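Heads up: the structure comes next, in structure tokens.
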Amino acid sequence: MIPEFLLTIEHILTQNLKPSSHWLDWFSQEEAVGYRHQLSNLVLLSRQKNSYASNYNFQLKKDKYFNTPICIFALTVQVLKEPEWTPKILEVRQKYLLRELKQVWQLNV
């Protein structure tokens with residue numbers, strides 16, 4: 001019997017920005033609101049990992065969620081190669097993910 005594997009979605013750019021948040025070094029408040037729920041900002045995690053979710057900074061999120069133990073989701077692991085999580089990175093990732101989805105789902109849009 002295969003154990004149940006529950007998935008959750010984690011927001012890399014946190015949903016709740018505090019005024020002292022390091023995220024504000026990369027995003028204005030308005031940008032953060034716009035990018036927060038974009039596909040490019042979302043990754044899959046096991047429920048066990050995501051249950052420890054917090055408003056961590058980017059490097060701490062990478063260390064906590066993706067390095068130990070190694071994450072098994074290819075699209076999630078892509079986050080590890082990024083030194084920072086900026087609007088430019090999210091724009092490039094969004095285009096990439098949409099192209100991939102169109103191909104997989106055979107959408108001719």
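None of these values were measured; they are calculated from a predicted model.
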* To do: Could you tell me how the ring of Trp23 sits relative to the ring of Trp26: parallel (under 30°), tilted (30 to 60°) or perpendicular (over 60°)?
  => perpendicular
* Asked: Just by distance, do the side chain of Thr76 and the backbone of Leu44 share a donor-acceptor pair under 3.5 Å?
  -> yes
* **Minimum heavy-atom distance between Ile89 and Glu84, given as atom pair plus value** => CD1-O, 2.9 Å
* Value rounded to 0.5 Å, distance of OG in Ser40 from CD in Gln78 -> 11.5 Å
* Minimum heavy-atom distance Arg36-Leu42, with the two atoms named -> O-CD2, 4.2 Å
* Asked: Counting N and O atoms only, with roles assigned by atom type, does the side chain of Glu10 sit under 3.5 Å from a partner on the main chain of Val43, one being a donor and the other an acceptor?
  -> no
* Asked: Should Val79 and Glu82 count as side-chain neighbours, where that means a heavy-atom distance under 4.5 Å?
  -> no
* side-chain contact (heavy atoms from CB on, under 4.5 Å) partner of Arg99, chosen from Gln103, Lys102, Lys95 -> Lys95
* Asked: For His11, does its backbone N or O pair with a side-chain atom of Asn41 as donor and acceptor, under 3.5 Å?
  -> no
* To do: Evaluate the side-chain proximity of Leu98 to Leu39: yes if any heavy-atom separation is below 4.5 Å, no if none is.
  => yes
* Asked: OH/Tyr96 to CG/Leu75 distance, rounded to the nearest 0.5 angstrom?
  -> 6.0 Å
* **Straight-line distance of Leu13 CG to Gln38 CD, nearest 0.5 Å** => 10.0 Å
* To do: Give, for atom CG of Leu17 and atom CG of Leu24, the distance between the pair rounded to the nearest 0.5 Å.
  => 5.0 Å
* Could you tell me which non-hydrogen atom of His22 sits nearest to which non-hydrogen atom of Phe58, and how far apart they are? => CE1-N, 3.0 Å
